[in-house]
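Please read the structure below before turning to the comments.
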Amino acid sequence: ASTFNTLFNGLLRLGNLGDAFHIAKEMYSNGFIPSYSSLMSLLRKSLNSGNLEDSFYILELMLRFDYFPEEHSLSLLVAGFCRAGRVHEAYFVLSVLLGKGFSPSVYSYNPILLGLCRSCRSSISLAVFGSFWKRGLYINEHTYAALIYGFCRERLYEEAYRVLDQMQVDGFRPNVVLYTTIIKFLCEDGKIEESLGVLNVMAAEACEPDLVTYNVILRALCCCDRILEASEFIRIMDEKGFSPDKFTYSALIGGLLKAGRVGHANELLLDILTRGCDMDVAICNIYFHGLCREYRSREAFSLVKDMMEKGFAPSNVTYNTILNGFCKEQNVEEALELFDCFEWVGSGPDSVSFNTVLSAACKQGNSSIIRRVLYRMEFEGVKLNAVACTSLVQHFCLVGRFSECFKLLDLMISDGITPT
RNA sequence: CCCACAGUGCUCACUU
(Lines give C-alpha, C1' and ligand atoms only; values in the text may rest on other atoms or scores of the structure.)
Protein backbone atom coordinates (compact mmCIF):
# COMPACT_ATOMS: atom_id res chain seq x y z
CA ALA A 1 0.00 0.00 0.00
CA SER A 2 2.76 2.43 0.82
CA THR A 3 4.31 1.84 -2.60
CA PHE A 4 1.02 2.74 -4.22
CA ASN A 5 0.58 5.79 -2.03
CA THR A 6 4.05 7.08 -2.73
CA LEU A 7 3.55 6.62 -6.44
CA PHE A 8 0.11 8.18 -6.34
CA ASN A 9 1.22 11.25 -4.44
CA GLY A 10 4.24 11.67 -6.65
CA LEU A 11 2.16 11.60 -9.82
CA LEU A 12 -0.26 13.98 -8.24
CA ARG A 13 2.47 16.42 -7.39
CA LEU A 14 3.77 16.20 -10.96
CA GLY A 15 0.31 17.02 -12.19
CA ASN A 16 -0.04 13.71 -13.96
CA LEU A 17 -3.69 13.29 -13.10
CA GLY A 18 -4.45 10.55 -15.56
CA ASP A 19 -1.84 8.17 -14.20
CA ALA A 20 -2.64 9.10 -10.63
CA PHE A 21 -6.24 8.16 -11.25
CA HIS A 22 -5.10 4.93 -12.80
CA ILE A 23 -3.07 4.06 -9.70
CA ALA A 24 -6.05 4.84 -7.49
CA LYS A 25 -8.18 2.46 -9.51
CA GLU A 26 -5.47 -0.19 -9.24
CA MET A 27 -5.47 0.27 -5.52
CA TYR A 28 -9.19 -0.24 -5.46
CA SER A 29 -9.04 -3.49 -7.36
CA ASN A 30 -6.20 -4.72 -5.16
CA GLY A 31 -8.06 -3.93 -1.99
CA PHE A 32 -5.89 -0.99 -0.90
CA ILE A 33 -7.37 2.25 0.32
CA PRO A 34 -5.90 5.59 -0.71
CA SER A 35 -6.23 8.36 1.81
CA TYR A 36 -9.17 10.71 1.67
CA SER A 37 -6.97 13.75 1.34
CA SER A 38 -5.06 12.42 -1.63
CA LEU A 39 -8.22 11.54 -3.53
CA MET A 40 -9.69 14.93 -2.70
CA SER A 41 -6.52 16.51 -3.93
CA LEU A 42 -6.86 14.60 -7.18
CA LEU A 43 -10.46 15.68 -7.55
CA ARG A 44 -9.61 19.31 -6.86
CA LYS A 45 -6.84 19.32 -9.44
CA SER A 46 -9.04 17.66 -11.99
CA LEU A 47 -11.78 20.21 -11.41
CA ASN A 48 -9.31 23.05 -11.69
CA SER A 49 -8.22 21.72 -15.04
CA GLY A 50 -11.86 21.92 -16.07
CA ASN A 51 -12.25 18.29 -17.03
CA LEU A 52 -15.75 17.30 -15.99
CA GLU A 53 -15.55 13.73 -17.28
CA ASP A 54 -12.46 12.83 -15.31
CA SER A 55 -13.74 14.63 -12.24
CA PHE A 56 -16.92 12.64 -12.46
CA TYR A 57 -15.05 9.35 -12.50
CA ILE A 58 -12.80 10.42 -9.66
CA LEU A 59 -15.86 11.21 -7.60
CA GLU A 60 -17.33 7.85 -8.52
CA LEU A 61 -14.17 6.14 -7.29
CA MET A 62 -14.27 8.12 -4.08
CA LEU A 63 -17.79 6.97 -3.44
CA ARG A 64 -16.66 3.38 -3.83
CA PHE A 65 -14.39 4.01 -0.85
CA ASP A 66 -17.35 5.66 0.89
CA TYR A 67 -15.63 9.02 0.75
CA PHE A 68 -17.83 12.08 0.38
CA PRO A 69 -16.43 15.02 -1.59
CA GLU A 70 -15.79 18.43 -0.09
CA GLU A 71 -18.75 20.71 -0.58
CA HIS A 72 -16.81 23.19 -2.67
CA SER A 73 -15.55 20.57 -5.10
CA LEU A 74 -18.97 19.04 -5.42
CA SER A 75 -20.47 22.40 -6.25
CA LEU A 76 -17.78 22.99 -8.87
CA LEU A 77 -18.60 19.70 -10.53
CA VAL A 78 -22.34 20.22 -10.41
CA ALA A 79 -22.16 23.82 -11.56
CA GLY A 80 -19.74 22.79 -14.30
CA PHE A 81 -22.15 20.25 -15.69
CA CYS A 82 -25.00 22.72 -15.48
CA ARG A 83 -23.07 25.45 -17.23
CA ALA A 84 -22.28 23.02 -20.03
CA GLY A 85 -25.99 22.36 -20.38
CA ARG A 86 -25.61 18.91 -18.85
CA VAL A 87 -28.10 19.26 -16.04
CA HIS A 88 -28.92 15.59 -16.23
CA GLU A 89 -25.47 14.55 -15.17
CA ALA A 90 -25.41 17.16 -12.43
CA TYR A 91 -28.68 15.85 -11.13
CA PHE A 92 -27.44 12.30 -11.30
CA VAL A 93 -24.40 13.12 -9.20
CA LEU A 94 -26.52 14.84 -6.62
CA SER A 95 -29.11 12.11 -6.39
CA VAL A 96 -26.46 9.46 -5.92
CA LEU A 97 -25.04 11.48 -3.04
CA LEU A 98 -28.48 12.07 -1.57
CA GLY A 99 -29.11 8.34 -1.78
CA LYS A 100 -25.98 7.78 0.28
CA GLY A 101 -27.21 10.14 2.94
CA PHE A 102 -25.12 13.16 1.99
CA SER A 103 -26.63 16.60 2.50
CA PRO A 104 -25.53 18.96 -0.24
CA SER A 105 -25.51 22.69 0.28
CA VAL A 106 -27.24 25.40 -1.68
CA TYR A 107 -24.11 25.76 -3.81
CA SER A 108 -24.65 22.30 -5.18
CA TYR A 109 -28.33 22.23 -5.80
CA ASN A 110 -29.12 25.83 -6.72
CA PRO A 111 -27.18 25.42 -9.98
CA ILE A 112 -29.34 22.43 -10.82
CA LEU A 113 -32.53 24.35 -10.25
CA LEU A 114 -31.18 27.18 -12.36
CA GLY A 115 -29.96 24.80 -15.04
CA LEU A 116 -33.40 23.26 -15.34
CA CYS A 117 -34.91 26.73 -15.54
CA ARG A 118 -32.47 27.82 -18.22
CA SER A 119 -33.58 24.91 -20.37
CA CYS A 120 -37.22 25.90 -19.95
CA ARG A 121 -38.06 23.23 -17.46
CA SER A 122 -39.15 25.44 -14.60
CA SER A 123 -42.02 23.18 -13.55
CA ILE A 124 -39.59 20.30 -13.18
CA SER A 125 -37.29 22.62 -11.30
CA LEU A 126 -40.12 23.45 -8.95
CA ALA A 127 -40.80 19.76 -8.41
CA VAL A 128 -37.13 19.13 -7.67
CA PHE A 129 -37.19 22.05 -5.28
CA GLY A 130 -40.20 20.44 -3.59
CA SER A 131 -38.34 17.21 -3.07
CA PHE A 132 -35.33 19.04 -1.64
CA TRP A 133 -37.63 20.96 0.63
CA LYS A 134 -39.18 17.74 1.93
CA ARG A 135 -35.74 16.38 2.71
CA GLY A 136 -35.24 19.41 4.86
CA LEU A 137 -32.32 20.87 2.89
CA TYR A 138 -31.48 24.47 3.60
CA ILE A 139 -32.39 26.97 0.94
CA ASN A 140 -31.44 30.57 0.32
CA GLU A 141 -32.58 33.49 -1.82
CA HIS A 142 -30.83 32.07 -4.85
CA THR A 143 -33.05 29.03 -4.67
CA TYR A 144 -36.14 31.19 -5.13
CA ALA A 145 -34.36 33.40 -7.62
CA ALA A 146 -33.67 30.43 -9.87
CA LEU A 147 -37.34 29.50 -9.96
CA ILE A 148 -38.48 33.06 -10.52
CA TYR A 149 -35.94 33.42 -13.31
CA GLY A 150 -37.28 30.28 -14.97
CA PHE A 151 -40.93 31.11 -14.70
CA CYS A 152 -40.37 34.62 -16.04
CA ARG A 153 -38.32 33.24 -18.90
CA GLU A 154 -41.20 30.95 -19.82
CA ARG A 155 -43.58 33.86 -19.38
CA LEU A 156 -45.36 32.12 -16.54
CA TYR A 157 -45.60 35.29 -14.51
CA GLU A 158 -48.35 34.03 -12.22
CA GLU A 159 -46.07 31.24 -11.06
CA ALA A 160 -43.17 33.63 -10.75
CA TYR A 161 -45.13 35.99 -8.55
CA ARG A 162 -46.32 33.06 -6.46
CA VAL A 163 -42.74 32.06 -5.76
CA LEU A 164 -41.89 35.69 -5.04
CA ASP A 165 -44.66 35.81 -2.44
CA GLN A 166 -43.65 32.48 -0.95
CA MET A 167 -40.10 33.68 -0.65
CA GLN A 168 -41.23 36.60 1.46
CA VAL A 169 -43.51 34.39 3.53
CA ASP A 170 -40.44 32.24 4.19
CA GLY A 171 -38.62 35.27 5.45
CA PHE A 172 -36.38 36.19 2.54
CA ARG A 173 -36.25 39.66 1.02
CA PRO A 174 -36.01 39.97 -2.76
CA ASN A 175 -33.04 42.11 -3.77
CA VAL A 176 -32.23 44.38 -6.72
CA VAL A 177 -30.89 41.58 -8.85
CA LEU A 178 -34.05 39.55 -8.51
CA TYR A 179 -36.33 42.49 -9.23
CA THR A 180 -34.20 43.42 -12.22
CA THR A 181 -34.46 39.90 -13.55
CA ILE A 182 -38.23 40.15 -13.48
CA ILE A 183 -38.18 43.60 -15.05
CA LYS A 184 -35.94 42.40 -17.85
CA PHE A 185 -38.18 39.51 -18.83
CA LEU A 186 -41.27 41.67 -18.69
CA CYS A 187 -39.58 44.21 -20.96
CA GLU A 188 -38.51 41.53 -23.41
CA ASP A 189 -42.10 40.38 -23.50
CA GLY A 190 -43.26 43.91 -24.32
CA LYS A 191 -44.85 44.44 -20.92
CA ILE A 192 -43.26 47.76 -20.11
CA GLU A 193 -46.08 49.08 -17.97
CA GLU A 194 -45.91 46.01 -15.81
CA SER A 195 -42.16 46.32 -15.50
CA LEU A 196 -42.54 49.93 -14.39
CA GLY A 197 -45.01 48.57 -11.87
CA VAL A 198 -42.27 46.32 -10.50
CA LEU A 199 -40.12 49.41 -10.19
CA ASN A 200 -42.82 50.93 -8.00
CA VAL A 201 -42.94 47.78 -5.90
CA MET A 202 -39.20 48.16 -5.38
CA ALA A 203 -39.69 51.72 -4.22
CA ALA A 204 -42.40 50.57 -1.82
CA GLU A 205 -40.08 47.88 -0.50
CA ALA A 206 -37.22 50.37 -0.17
CA CYS A 207 -35.17 48.37 -2.65
CA GLU A 208 -33.05 50.81 -4.66
CA PRO A 209 -32.70 50.18 -8.39
CA ASP A 210 -29.11 50.12 -9.58
CA LEU A 211 -27.44 50.97 -12.88
CA VAL A 212 -28.31 47.58 -14.35
CA THR A 213 -31.98 48.10 -13.56
CA TYR A 214 -31.94 51.46 -15.26
CA ASN A 215 -30.06 50.15 -18.27
CA VAL A 216 -32.71 47.48 -18.79
CA ILE A 217 -35.51 50.01 -18.61
CA LEU A 218 -33.77 52.55 -20.82
CA ARG A 219 -33.27 49.99 -23.54
CA ALA A 220 -36.88 48.88 -23.38
CA LEU A 221 -38.15 52.44 -23.58
CA CYS A 222 -35.90 53.29 -26.53
CA CYS A 223 -36.91 50.11 -28.33
CA CYS A 224 -40.52 51.24 -28.43
CA ASP A 225 -39.66 54.84 -29.18
CA ARG A 226 -40.64 56.23 -25.79
CA ILE A 227 -37.75 58.67 -25.81
CA LEU A 228 -39.30 61.26 -23.54
CA GLU A 229 -39.74 58.76 -20.76
CA ALA A 230 -36.22 57.53 -21.36
CA SER A 231 -34.84 61.04 -20.92
CA GLU A 232 -36.86 61.40 -17.76
CA PHE A 233 -35.17 58.26 -16.42
CA ILE A 234 -31.80 59.60 -17.42
CA ARG A 235 -32.56 62.70 -15.39
CA ILE A 236 -33.55 60.57 -12.39
CA MET A 237 -30.38 58.52 -12.73
CA ASP A 238 -28.33 61.66 -12.83
CA GLU A 239 -30.08 62.95 -9.72
CA LYS A 240 -29.27 59.73 -7.94
CA GLY A 241 -25.66 59.99 -8.95
CA PHE A 242 -25.50 57.15 -11.45
CA SER A 243 -23.23 57.86 -14.37
CA PRO A 244 -23.91 55.97 -17.60
CA ASP A 245 -21.58 53.12 -18.48
CA LYS A 246 -20.89 51.32 -21.76
CA PHE A 247 -24.00 49.21 -21.24
CA THR A 248 -26.09 52.32 -20.92
CA TYR A 249 -24.80 53.73 -24.18
CA SER A 250 -25.14 50.57 -26.19
CA ALA A 251 -28.59 50.01 -24.73
CA LEU A 252 -29.64 53.48 -25.79
CA ILE A 253 -28.16 53.25 -29.28
CA GLY A 254 -29.36 49.72 -29.83
CA GLY A 255 -32.83 50.66 -28.66
CA LEU A 256 -32.97 53.75 -30.85
CA LEU A 257 -31.96 51.68 -33.86
CA LYS A 258 -34.62 49.09 -33.11
CA ALA A 259 -37.17 51.86 -33.05
CA GLY A 260 -35.91 53.03 -36.43
CA ARG A 261 -34.41 56.24 -35.09
CA VAL A 262 -31.26 55.91 -37.14
CA GLY A 263 -30.52 59.62 -37.01
CA HIS A 264 -30.70 59.91 -33.24
CA ALA A 265 -28.72 56.71 -32.86
CA ASN A 266 -25.91 57.90 -35.11
CA GLU A 267 -25.74 61.22 -33.35
CA LEU A 268 -25.23 59.54 -30.01
CA LEU A 269 -22.89 56.96 -31.48
CA LEU A 270 -20.61 59.52 -33.09
CA ASP A 271 -20.65 61.56 -29.92
CA ILE A 272 -19.35 58.58 -27.96
CA LEU A 273 -16.86 57.40 -30.55
CA THR A 274 -15.31 60.83 -31.09
CA ARG A 275 -15.09 61.40 -27.38
CA GLY A 276 -13.16 58.17 -27.74
CA CYS A 277 -12.51 57.48 -24.06
CA ASP A 278 -12.16 53.73 -23.97
CA MET A 279 -13.29 51.91 -27.06
CA ASP A 280 -15.90 49.37 -26.17
CA VAL A 281 -16.31 46.40 -28.52
CA ALA A 282 -20.09 46.32 -28.42
CA ILE A 283 -20.37 50.01 -29.27
CA CYS A 284 -17.86 49.62 -32.09
CA ASN A 285 -19.81 46.62 -33.32
CA ILE A 286 -22.89 48.77 -33.60
CA TYR A 287 -20.89 51.13 -35.76
CA PHE A 288 -19.59 48.31 -37.96
CA HIS A 289 -23.09 47.01 -38.29
CA GLY A 290 -24.20 50.43 -39.43
CA LEU A 291 -21.56 50.42 -42.17
CA CYS A 292 -22.61 46.95 -43.25
CA ARG A 293 -26.22 47.99 -43.39
CA GLU A 294 -25.17 50.63 -45.92
CA TYR A 295 -23.41 47.98 -48.00
CA ARG A 296 -20.00 49.12 -46.85
CA SER A 297 -18.81 45.85 -45.38
CA ARG A 298 -15.37 45.98 -46.98
CA GLU A 299 -14.84 49.37 -45.45
CA ALA A 300 -16.00 47.97 -42.12
CA PHE A 301 -13.54 45.11 -42.39
CA SER A 302 -10.57 47.34 -43.22
CA LEU A 303 -11.55 49.59 -40.36
CA VAL A 304 -11.50 46.61 -38.01
CA LYS A 305 -8.04 45.70 -39.24
CA ASP A 306 -6.77 49.27 -38.86
CA MET A 307 -8.15 49.51 -35.38
CA MET A 308 -6.56 46.21 -34.45
CA GLU A 309 -3.21 47.72 -35.32
CA LYS A 310 -3.99 50.35 -32.72
CA GLY A 311 -4.83 47.79 -30.11
CA PHE A 312 -8.54 47.23 -30.65
CA ALA A 313 -9.63 43.72 -29.73
CA PRO A 314 -12.53 42.54 -31.86
CA SER A 315 -14.95 39.96 -30.54
CA ASN A 316 -16.60 37.10 -32.37
CA VAL A 317 -19.65 39.31 -32.70
CA THR A 318 -17.46 41.76 -34.64
CA TYR A 319 -16.53 39.00 -37.06
CA ASN A 320 -20.10 37.77 -37.31
CA THR A 321 -21.19 41.29 -38.13
CA ILE A 322 -18.66 41.49 -40.96
CA LEU A 323 -19.73 38.08 -42.25
CA ASN A 324 -23.30 39.27 -42.27
CA GLY A 325 -22.29 42.36 -44.23
CA PHE A 326 -20.54 40.33 -46.91
CA CYS A 327 -23.53 38.02 -47.19
CA LYS A 328 -25.90 40.95 -47.52
CA GLU A 329 -23.85 42.08 -50.49
CA GLN A 330 -24.14 38.61 -51.98
CA ASN A 331 -20.49 37.83 -51.40
CA VAL A 332 -21.27 34.57 -49.67
CA GLU A 333 -18.35 32.69 -51.15
CA GLU A 334 -16.00 35.34 -49.85
CA ALA A 335 -17.69 35.31 -46.47
CA LEU A 336 -16.88 31.64 -46.20
CA GLU A 337 -13.26 32.38 -46.97
CA LEU A 338 -13.19 35.02 -44.25
CA PHE A 339 -13.55 32.30 -41.64
CA ASP A 340 -9.85 31.64 -42.02
CA CYS A 341 -8.85 35.30 -42.00
CA PHE A 342 -10.37 36.16 -38.65
CA GLU A 343 -8.59 35.77 -35.37
CA TRP A 344 -11.49 34.11 -33.61
CA VAL A 345 -11.70 34.54 -29.89
CA GLY A 346 -12.17 31.64 -27.49
CA SER A 347 -13.74 28.55 -28.96
CA GLY A 348 -13.82 29.88 -32.52
CA PRO A 349 -16.76 30.56 -34.81
CA ASP A 350 -20.10 29.90 -33.19
CA SER A 351 -23.56 28.98 -34.41
CA VAL A 352 -24.32 32.57 -35.36
CA SER A 353 -21.21 32.67 -37.56
CA PHE A 354 -22.24 29.56 -39.43
CA ASN A 355 -25.93 30.41 -39.54
CA THR A 356 -25.11 33.76 -41.10
CA VAL A 357 -23.39 32.16 -44.06
CA LEU A 358 -25.65 29.12 -44.16
CA SER A 359 -28.85 31.13 -44.37
CA ALA A 360 -27.38 33.35 -47.06
CA ALA A 361 -26.34 30.29 -49.04
CA CYS A 362 -29.83 28.83 -48.60
CA LYS A 363 -31.41 32.01 -49.88
CA GLN A 364 -29.17 31.88 -52.93
CA GLY A 365 -29.86 28.19 -53.36
CA ASN A 366 -26.12 27.60 -53.44
CA SER A 367 -25.83 23.98 -52.43
CA SER A 368 -22.08 23.94 -52.85
CA ILE A 369 -21.63 26.52 -50.11
CA ILE A 370 -24.28 24.84 -47.98
CA ARG A 371 -22.32 21.61 -48.13
CA ARG A 372 -19.08 23.28 -47.21
CA VAL A 373 -20.63 25.13 -44.29
CA LEU A 374 -22.21 21.95 -42.95
CA TYR A 375 -18.91 20.14 -43.30
CA ARG A 376 -17.11 22.86 -41.42
CA MET A 377 -19.73 22.95 -38.68
CA GLU A 378 -19.27 19.25 -38.21
CA PHE A 379 -15.52 19.74 -38.12
CA GLU A 380 -15.72 22.51 -35.52
CA GLY A 381 -18.28 20.61 -33.49
CA VAL A 382 -21.01 23.22 -33.83
CA LYS A 383 -24.43 21.61 -33.82
CA LEU A 384 -27.36 22.61 -36.00
CA ASN A 385 -29.85 24.69 -34.06
CA ALA A 386 -33.35 25.92 -34.81
CA VAL A 387 -32.13 28.80 -36.98
CA ALA A 388 -29.90 26.56 -39.08
CA CYS A 389 -32.61 23.91 -39.46
CA THR A 390 -35.20 26.47 -40.48
CA SER A 391 -32.92 27.86 -43.16
CA LEU A 392 -32.19 24.40 -44.49
CA VAL A 393 -35.81 23.25 -44.44
CA GLN A 394 -36.78 26.35 -46.35
CA HIS A 395 -34.10 25.73 -48.91
CA PHE A 396 -34.96 22.07 -49.41
CA CYS A 397 -38.64 22.87 -49.75
CA LEU A 398 -37.84 25.50 -52.33
CA VAL A 399 -35.84 23.11 -54.48
CA GLY A 400 -38.39 20.36 -54.00
CA ARG A 401 -36.20 17.97 -52.01
CA PHE A 402 -38.89 17.07 -49.54
CA SER A 403 -37.27 13.89 -48.35
CA GLU A 404 -34.40 16.04 -47.04
CA CYS A 405 -36.94 18.19 -45.23
CA PHE A 406 -38.35 15.19 -43.45
CA LYS A 407 -34.90 14.00 -42.56
CA LEU A 408 -34.23 17.39 -41.00
CA LEU A 409 -37.48 17.32 -39.08
CA ASP A 410 -36.53 13.91 -37.72
CA LEU A 411 -33.17 15.27 -36.70
CA MET A 412 -34.82 18.20 -34.96
CA ILE A 413 -37.11 15.88 -33.05
CA SER A 414 -34.32 13.54 -32.02
CA ASP A 415 -32.09 16.46 -31.00
CA GLY A 416 -34.89 18.19 -29.16
CA ILE A 417 -34.75 21.30 -31.33
CA THR A 418 -37.98 23.25 -31.08
CA PRO A 419 -39.24 24.48 -34.45
CA THR A 420 -40.10 28.16 -34.62
C1' C B 1 -11.49 32.84 7.67
C1' C B 2 -11.42 32.73 2.46
C1' C B 3 -13.38 30.41 -2.21
C1' A B 4 -18.00 28.43 -5.17
C1' C B 5 -24.83 29.96 -6.96
C1' A B 6 -28.94 34.69 -9.95
C1' G B 7 -29.84 40.37 -13.40
C1' U B 8 -28.13 44.77 -18.32
C1' G B 9 -25.77 46.33 -24.31
C1' C B 10 -23.70 44.75 -30.00
C1' U B 11 -24.15 39.86 -34.61
C1' C B 12 -27.76 34.98 -37.58
C1' A B 13 -32.98 32.51 -40.41
C1' C B 14 -38.23 32.64 -40.06
C1' U B 15 -42.27 35.75 -38.52
C1' U B 16 -44.06 40.84 -39.32
Against the side chain of V352(A), the closest entry in C12(B), C10(B), A6(B) is C12(B)
Under 3.5 Å: donor-acceptor pair, side chain of S105(A), backbone of Y107(A): yes
By nearest atom, which of the nucleotides C12(B), A6(B), C3(B) is closest to the N324(A) side chain? C12(B)
Expressed in angstrom and rounded to an integer, what is the separation of L252(A) atom CG from C10(B) atom P? 12 Å
Gap between atoms CG and C1', on D350(A) and C10(B) respectively (whole Å): 13 Å
Sugar-phosphate, base or nothing in reach of K258(A), heavy atoms under 4.0 Å: sugar-phosphate
Please collect all ring-ring contact (aromatic ring centres under 6.0 Å, His included) contacts where either partner lies in residues 145-177 of chain A, sequence neighbours excluded, each pair once. Y144(A)-F172(A), Y149(A)-F185(A)
Look at the side chain of N110(A) and decide which nucleotide, out of G7(B), A13(B), C5(B), has an atom nearest to it. C5(B)
Side-chain N or O of K184(A) closer than 4.0 Å to phosphate OP1/OP2 of G7(B): no
When you check the gap from the basic side-chain N to the acidic O, do R376(A) and D340(A) get nearer than 4.0 Å? yes
Side-chain contact check for R118(A): nearest option of G7(B), U11(B), C12(B) is G7(B)
Residue N285(A), side-chain atoms from C-beta onward, closest of U8(B), C10(B), C12(B): C10(B)
Mind checking if K246(A) touches a base, just sugar-phosphate, or nothing, with heavy atoms under 4.0 Å? base
How close or far is atom P of A13(B) from atom CD1 of I370(A), stated in whole angstroms? 15 Å
Send over the distance from N48(A) CG to A4(B) C1', rounded to a whole Å. 11 Å
Has F247(A) got its ring stacked on the base of U8(B), with centres under 5.5 Å and planes less than 30° apart? yes
Hey, can you tell me if F56(A) and F81(A) have their rings parallel, tilted or perpendicular (30° and 60° cut-offs)? perpendicular
Can you tell me the distance, in whole Å, between the NZ atom of K383(A) and the C1' atom of C12(B)? 20 Å
Contact class for S250(A) (heavy atom, under 4.0 Å): base, sugar-phosphate, or nothing? base
I182(A) CD1 to U8(B) P, straight-line distance once rounded to whole Å: 14 Å
In sequence, state the C-alpha distance, the side-chain angles, and the governing distance for T318(A) and C284(A), and then conclude on side chain to side chain contact (heavy atoms under 4.5 Å, CB included). CA-CA 8 Å; T318(A) 315; C284(A) 291; over 6 Å; no
Within the structure shown, what part of the strands sits under 4.0 Å from A251(A) by heavy-atom distance: base, sugar-phosphate, or nothing? sugar-phosphate
Is H72(A) side chain donor-acceptor paired with the C3(B) base, going by distance under 3.5 Å alone? yes
Shortest side-chain distance from V212(A), nucleotide among U8(B), A6(B), C12(B): U8(B)
Looking only at N and O atoms, is any donor in the side chain of T180(A) or the base of G7(B) less than 3.5 Å from an acceptor on the other one? yes
Under 3.5 Å for both distances, Watson-Crick or G-U wobble, that's the pair rule; now give the dot-bracket for RNA chain B, with | marking pairs to another strand and [ ] for crossing ones. ................
Ionic contact status for R162(A) with E158(A), cut-off 4.0 Å: no
State which of C12(B), A13(B), C5(B) makes the closest approach to the side chain of N140(A). C5(B)
Out of C5(B), G7(B), U11(B), minimum distance to the side chain of H142(A) belongs to C5(B)
Quick one: does any side-chain atom of S391(A) pair with a main-chain N or O of S359(A) as donor and acceptor, under 3.5 Å? no
With a distance cut-off below 6.0 Å to the six-membered ring centre and an angular limit of 45° from the axis, does K305(A) pair with F301(A) as a cation-pi contact? yes
Using only modelled atom types and a 3.5 angstrom limit, is any donor from either the side chain of N175(A) or the base of A6(B) paired with an acceptor on the other? yes
Check every atom of C12(B), C5(B), G7(B) against the side chain of T213(A) and return the nucleotide holding the closest atom. G7(B)
Is a side-chain donor or acceptor of S41(A) paired with a backbone partner of S37(A) at a separation under 3.5 angstrom? no
Give the rounded distance in Å between these two atoms: CZ of R219(A) and C1' of G7(B). 14 Å
Can you check the N385(A) CG to C14(B) C1' distance for me, whole Å? 12 Å
Using a cut-off of 4.0 Å on non-hydrogen atoms, how would the nucleic acid contact of E141(A) be classed: base, sugar-phosphate, or nothing? nothing
